[in-house]
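The next block holds one structure in the form of structure tokens; read it before the comments.
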Amino acid sequence: MISQVQHLKTMIRTRFAPSPTGFLHIGGARTALFNWLFARHHGGQFLLRIEDTDRARSTQPAIDAIQDGLSWLGLDWDGDLVSQYSRADRHVEIAHQMVASGHAFRCYCDADEVDALRAAAFDEGRALRSPWRDRDPANAPDGAPFVVRFRAGDADMLVEDAVQGEVRWAAKEFDDLVLLRSDMSPTYNLAVVVDDHDMDITHIIRGDDHLVNAGRQAQIYDAMGWKRPVFAHIPLIHGPDGKKLSKRHGALGAEAYRDMGYLPEGLRNYLLRLGWSHGDQEIFTDAEAIAAFDMGGLNKSPSRLDLDKLSHINAHHIAQADDARLCELVTPFLEGLDGQIDDAALKADRIRNAMPALKTRAATLAELAQQAYFLVKARPFQLEGKLAKQLDETACARLNRLFTRLVETDAWNDAALASLLKQFAESESVGFGKVGQPLRAVLTGGAPAPDLALVMAVLGRDEVLGRIKDQLSPGI
RNA sequence: GGGCCCUUCGUCUAUCGGUUAGGACGCUAGGUUUUCAACCUGGAAAGAGGGGUUCAACUCCCCUAGGGCCUACCA
């Protein structure tokens with residue numbers, strides 16, 4: 001029993017804490033991945049908290065999108081999702097405690113006064129301090145609105161960051177930040193600290209846009225006498241041009257990557273190597289990633305999104321993926337392609353049989369659909385340009401003779417068809433190209449496809465003979 | 001304006017004072033070849049600039065330049 005309690009105290013607990021103002025974008029996905037990996041590596045827990053204290057900007061669709069994105073990516077969180085907003089009473093309680101202990105105070109400045117104060121502070125190159133931090137609250141105007149501000153410390157601040165190292169600020173850099181708004185609703189920096197403390201979060205991996213917040217938050221931890229978590233601020237992801245990530249180049253939701261045909265494990269693997277490394281290893285299974293992930297591999301410099309590399313990594317994972325699963329995943333991508341046969345069962349059958357060969361040839365599910373298209377394309381094909389040109393008289397005559405051979409053979413399988421084709425080319429005294437090119441044209445209609453023997457084996461005798469017949473002069 | 005963070009091939013990165021600065025993507029030459037891929041072999045390609053410290057600096061320190069973040073009663 002006691003050991004269980006101690007275990008809980010020392011257990012690694014991380015969290016992902018997005019604000020629900022949009023979907024799960026690529027940067028958030030990586031942050032979540034790192035927190036998830038770190039927790040799983042240590043046998044700890046990974047929690048999900050929605051930072052919805054800004055009611056005006058928080059939406060349920062966004063909350064759903066974030067959960068869907070994480071689920072799709074395979075980043076499962078422990079316990080129930082925590083709504084920060086629902087914990088507002090607790091945040092207020094802590095704010096009052098800090099007022100009582102002198103670490104916070106009521107500030108009665110109105111908006112104009114604050115603006116003037118801020119402008120003065122700006123000119124002096126320091127952060128805003130409220131005059132009310134030292135005033136007797138008894139002098140407060142009766143019934144006037146106020147906010148609760150934190151009493152910024154007078155000592156310099158040092159934060160030990162697991163990625164950035166020691167980061168220092170002079171005391172004057174910290175303002176008396178608002179803890180409770182005039183409507184007594186808690187603000188971000190208060191809520192984060194209280195929640196992370198209450199949730200026993202031990203390690204906070206987040207974007208380095210929060211680095212300064214770490215200093216502010218550390219002050220609150222110290223004021224409350226709470227143990228500070230380990231902070232790890234990772235650099236942001238930039239666009240391919242090195243500029244801030246915009247929707248134009250990749251600041252898309254996880255579902256957009258799904259719709260482009262990337263596998264969750266492919267995106268995970270790519271994201272893993274963006275800002276983290278483990279020697280020269282590029283390809284990771286989940287087990288390898290969990291075993292290898294640690295803070296030491298985290299990088300300090302920002303990285304850019306590279307869709308080409310994502311595709312390359314994804315290709316590896318498609319080649320490794322289970323055939324049945326790929327058949328299912330490729331279906332929606334196939335639906336977008338025109339002119340297919342109607343027999344769904346037949347389509348599924350052919351694709352299933354061809355999948356082992358197809359999956360080594362595609363970087364995305366969209367490409368996989370392109371690779372599979374020849375299997376389900378409706379006859380007859382319209383051959384144009386180069387394809388039609390390949391079917392000259394000589395080629396047609398040759399295809400005719402091949403047709404006869406195919407009718408006669410009784411071994412309709414990959415290996416037998418391969419040797420049949422080879423022997424046929426020899427008997428015709430021509431190179432394989434003279435046979436293969438026209439045959440490929442009539443069988444695939446120009447669509448990408450694997451080895452011809454395999455193509456014939458998967459298509460089946462009737463379909464193969466039919467496709468050949470379609471392109472030869474009538475009367476054959 | 002102030003503060004903080006960052007800077008190795010085009011891109012992702014290895015290097016943790018001594019290496020011909022390695023790998024991967026992309027690019028490129030060639031091979032294989034029945035399309036498209038894949039695959040195999042080879043190639044081009046990097047320490048932002050300037051000062052130090054040191055026998056020795058990509059690595060440590062300083063300055064400059066460039067980039068980023070924060071500077072809200074947003075998160």
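The figures here come from the full heavy-atom set of this structure, side chains too, leaving out hydrogens, waters and symmetry mates. Remember, it's a predicted structure, so these values are computed and weren't measured experimentally.
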Item to complete: Can you tell me which residue pairs pass the side chain to side chain donor-acceptor pair (under 3.5 Å) test with a partner in residues 263-272 of chain A, sequence neighbours excluded?
Response: A:E265-A:R325, A:R268-A:D286, A:N269-A:H317

Discussion item. If the condition is salt bridge (charged side-chain N to carboxylate O under 4.0 Å, His left out), which residues does A:E166 pass it with, not counting sequence neighbours?
Written reply: A:R168

Worksheet item: Mind checking the C1' distance from B:A29 to B:A65? Whole angstroms is fine.
Response: 38 Å

Fill in: Worked check of salt bridge (Lys or Arg N to Asp or Glu O under 4.0 Å) between A:R129 and A:D154
CA-CA 11 Å; A:R129 297 288 170 105; A:D154 296 318; 3.7 Å; yes

Fill in: Whole-angstrom distance between B:G49 and B:U8, as gauged at atom P
11 Å

Item to complete: Counting heavy atoms from C-beta on, name the nucleotide in B:U34, B:C5, B:A75 closest to the side chain of A:K300.
Response: B:C5

Worksheet item: Mind checking the C1' distance from B:U54 to B:G17? Whole angstroms is fine.
Response: 9 Å

Worksheet entry | Check: A:N213 side chain, A:N189 main-chain N or O, donor-acceptor pair, under 3.5 Å | no

Worksheet, complete the sentence: Per atom distances to the A:R57 side chain, the nearest of B:C6, B:C73, B:A75 is B:A75

Fill in: Gap between atoms CH2 and P, on A:W276 and B:A24 respectively (whole Å)
18 Å

Worksheet item: B:C4, B:C12, B:A75: which one has an atom nearest the side-chain heavy atoms of A:T53?
Response: B:A75

Worksheet, complete the sentence: note: A:M456, atom CE; B:U34, atom P; distance rounded to Å ~ 14 Å

Practice prompt. Give the nucleotide from the list B:A75, B:C25, B:G3 with an atom nearest to the side chain of A:E51.
Written response: B:A75

Practice prompt. Would you tell me whether A:S427 and A:R401 have side-chain atoms, one donor and one acceptor, within less than 3.5 Å of each other?
Written response: no

Worksheet entry | Worked check of ring pair (Phe, Tyr, Trp, His ring centres under 6.0 Å) between A:F284 and A:W276 | CA-CA 12 Å; A:F284 291 82; A:W276 180 85; 5.7 Å; yes

Worksheet item: Within this structure, what is the CZ-to-P distance between A:F146 and B:C73, rounded to whole angstrom?
Response: 16 Å

Worksheet entry | Distance, rounded to the nearest Å, where A:R398 contributes CZ and B:U34 contributes C1' | 13 Å

Fill in: From CA spacing to verdict: side-chain hydrogen bond (donor to acceptor under 3.5 Å, both in side chains), A:D294, A:H278
CA-CA 9 Å; A:D294 64 354; A:H278 184 64; 5.8 Å; no

Worksheet item: How long is the line joining CG of A:L368 and P of B:C36, in whole Å?
Response: 19 Å

Worksheet entry | Heavy-atom donor-acceptor pair, A:K172 side chain to A:G125 backbone, under 3.5 Å | yes

Worksheet item: How close or far is atom P of B:U35 from atom NZ of A:K377, stated in whole angstroms?
Response: 17 Å

Worksheet item: Within the structure shown, what part of the strands sits under 4.0 Å from A:G275 by heavy-atom distance: base, sugar-phosphate, or nothing?
Response: sugar-phosphate

Discussion item. Taking any heavy-atom pair under 4.0 Å as a contact, classify A:Q281: base, sugar-phosphate, or nothing.
Written reply: nothing

Fill in: Touch class at under 4.0 angstrom, heavy-atom based, for A:T21 against every strand present
nothing

Item to complete: Write down the distance separating the P atoms in B:U7 and B:G23, rounded off to the nearest Å.
Response: 23 Å

Discussion item. Applying the Watson-Crick and G-U wobble criteria at under 3.5 Å, what pairs with B:C39? Answer none if nothing qualifies.
Written reply: B:G31

Worksheet item: Contact class for A:V147 (heavy atom, under 4.0 Å): base, sugar-phosphate, or nothing?
Response: base

Worksheet item: Of all the nucleotides listed (B:C5, B:U13, B:C36), which has the minimum atom distance to the side chain of A:S303?
Response: B:U13

Fill in: Interatomic distance at C1', B:A75 relative to B:A57, whole Å
43 Å

Discussion item. Let's see if you can work this out: which of B:G23, B:U13, B:C25 has an atom nearest to the side-chain heavy atoms of A:D306?
Written reply: B:C25

Fill in: G-U wobble or Watson-Crick pairing nucleotide for B:U20 (cut-off 3.5 Å, both distances)
none

Practice prompt. Quickly work out the A:H316 NE2 to B:C39 C1' distance and round it to whole Å.
Written response: 11 Å

Worksheet, complete the sentence: From the candidates B:C73, B:G22, B:C12, the one with an atom nearest any side-chain atom of A:R273 is B:C12

Worksheet item: When all nucleic acid strands are considered with a 4.0 Å heavy-atom cut-off, which category describes A:E282: base, sugar-phosphate, or nothing?
Response: base

Worksheet item: Closest nucleotide of RNA chain B for A:D451 versus for A:N189: which of these residues is on the 5' side?
Response: A:D451

Worksheet entry | Side chain of A:S277 - closest among B:G2, B:A14, B:U34 | B:A14

Worksheet item: Watson-Crick or G-U wobble partner for B:G10, using a 3.5 Å limit on both distances?
Response: B:C25

Worksheet item: Out of B:C36, B:G3, B:A75, which nucleotide sits closest to the side chain of A:R361?
Response: B:C36

Worksheet item: A:E428 and A:K434: salt bridge (Lys or Arg N to Asp or Glu O under 4.0 Å), yes or no, with the steps?
Response: CA-CA 9 Å; A:E428 293 278 314; A:K434 294 289 184 192; over 6 Å; no

Discussion item. Can you check the distance between B:G10 and B:U28, where both ends of the measurement are the C1' atom (answer in whole Å)?
Written reply: 14 Å

Practice prompt. Using atom CD1 of A:I313 as one end and atom C1' of B:C12 as the other, report the distance to the nearest whole Å.
Written response: 9 Å

Worksheet item: Just by distance, do the side chain of A:E463 and the backbone of A:L459 share a donor-acceptor pair under 3.5 Å?
Response: no

Mind listing the N/O atom pairs, protein and nucleotides 61-71 of chain B, below 3.5 Å?
from  : atom 1 : to     : atom 2 : distance (Å)
B:C69 : O2'    : A:D209 : O      : 3.3
B:C70 : O2'    : A:R216 : NH2    : 2.9

Discussion item. By nearest heavy atom, map A:P450 and A:Q164 onto RNA chain B; which one lands nearer the 5' end?
Written reply: A:Q164

Worksheet item: From the list B:U34, B:A75, B:C73, which nucleotide is the closest neighbour of the side chain of A:R440?
Response: B:U34

